[in-house]
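When a residue number appears, it is its place in the shown sequence, counting from 1. Below, each value reflects all heavy atoms present in this structure, side chains not excepted, and no hydrogens, waters or symmetry copies.
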Amino acid sequence: MILALTGCSSLLCTDTTAERGEAGVRVQVVDTSGRPLGVTTEVVDWRLEPHPQVPSEGDRVHFHYRFDGADERSGPAVDACAVDKERVALGCQTVYSSQAFGRDGAFTGDDWLVVEHPEQVAAVLLIPNDQSYVGRSCEQDIKDGGGPHPPQPARTGDQL
């Protein structure tokens with residue numbers, strides 16, 4: 001006897017979202033289960049200055065970062081945010097270790113954050129959750145989707 005269970009896969013598909021980790025200048029990157037990946041990311045320095053390609057737009061946040069322990073091809077990605085003195089995000093974006101330069105597990109890079117009020121920037125912080133892979137949700141793929149997902153990317157106004 002062959003038993004067919006059509007339509008039951010929707011009962012087995014569940015999505016979970018990881019909790020956002022504590023932002024800092026130097027963080028241990030974690031997977032969606034909160035386990036360390038063996039990679040440390042750090043904001044090496046930052047400053048306010050005009051972007052050389054659009055100086056007429058005024059100051060932006062220019063920051064340098066470093067990934068230690070990352071893999072050349074499939075390393076992690078984390079959200080970087082310029083924050084005010086209360087740690088409210090003024091501007092954020094994801095930085096990828098694969099876009100940084102280096103070797104032997106140490107990769108450095110720089111990027112720019114656009115903020116509405118640059119004079120309010122007190123620090124640039126990194127969120128430790130790996131954002132490099134976001135699998136398909138149950139809604140997108142009932143058969144093969146689901147499982148753990150990183151938290152939503154940080155946005156302006158988020159309290160870090």
Just checking, is any N or O donor in the side chain of Q131 or T94 under 3.5 Å from an acceptor N or O on the other one? no
Do L37 and F67 belong to the same hydrophobic cluster, where Ile, Leu, Val, Met, Phe, Trp and Tyr are linked whenever their side-chain heavy atoms lie under 4.5 Å apart, directly or via other members? yes
Okay, side chain of S98, backbone of G75: is any donor-acceptor separation there less than 3.5 Å? no
Closest heavy-atom pair, A23 versus R87, reported as atoms and distance to 0.1 Å, is O-NH2, 2.8 Å
Heavy-atom side-chain proximity of I127 to C81 below 4.5 angstrom: yes
Closest non-hydrogen atom pair, P52 against P55: O-CD, 3.5 Å
Are the side chain of R66 and the backbone of E42 linked by a donor-acceptor contact shorter than 3.5 Å? no
Looking only at heavy atoms, which two atoms of A100 and G109 are closest? And how far apart? CB-N, 4.0 Å
Among the clusters formed by ILVMFWY side chains lying less than 4.5 Å apart, do V43 and V30 turn up in the same one? no
Can you check whether E19's main-chain N or O pairs, donor with acceptor, with N129's side chain at less than 3.5 Å? yes
Hey, mind stepping through V78 and V29 against side chain to side chain contact (heavy atoms under 4.5 Å, CB included) and telling me if it holds? CA-CA 8 Å; V78 296; V29 182; 3.9 Å; yes
Give a yes or no answer on whether the side chain of D84 reaches the backbone of V121 with a donor-acceptor pair at less than 3.5 Å. no
Are the side chains of L90 and E116 in contact, using a 4.5 Å heavy-atom criterion? no
Does the side chain of H64 pick up a donor-acceptor pair with the side chain of D45 at under 3.5 Å? yes
Should V124 and V83 count as side-chain neighbours, where that means a heavy-atom distance under 4.5 Å? no
For F107 and S97 the tightest heavy-atom approach is CB-O, 4.2 Å
When every non-hydrogen atom of D68 is compared with those of A106, the smallest separation belongs to OD1-CB, 3.6 Å
Least distance between heavy atoms, G69 atom then V39 atom: O-CG2, 3.3 Å
Roughly how far, to the nearest 0.5 Å, is NE2 of H62 from CG of D59? 12.5 Å
Joint cluster assignment, L160 & L126, ILVMFWY side-chain distance < 4.5 Å: yes
Do D130 side-chain atoms and A77 backbone N/O form a donor-acceptor pair below 3.5 Å? yes
Is there any side-chain hydrogen bond (donor to acceptor under 3.5 Å, both in side chains) pair reaching into residues 150-160, and which pairs are they, with sequence neighbours excluded? R20-D158
Distance col, row L48:CG vs F63:CZ, nearest 0.5 angstrom, shows 13.0 Å
Looking only at side-chain N and O atoms, does D79 offer a donor or acceptor that is under 3.5 Å from a partner on Q93? no
Reported CG-to-CD distance for the pair D111 and Q99, which is rounded to 0.5 angstrom: 7.5 Å
Check the hydrophobic clustering (I, L, V, M, F, W, Y; side-chain heavy atoms under 4.5 Å; chains of links allowed) and say if W112 and V44 are grouped together. no
What residues, two or more places apart in sequence or in another chain, satisfy side-chain hydrogen bond (donor to acceptor under 3.5 Å, both in side chains) together with Q120? none
If Ile, Leu, Val, Met, Phe, Trp and Tyr residues are connected whenever their side-chain heavy atoms lie under 4.5 Å apart, and connections chain through other members, are L113 and V25 in the same group? yes
Judged by atom type as modelled, is there a donor-acceptor pair below 3.5 Å linking the side chain of H51 to the main-chain atoms of Q53? yes
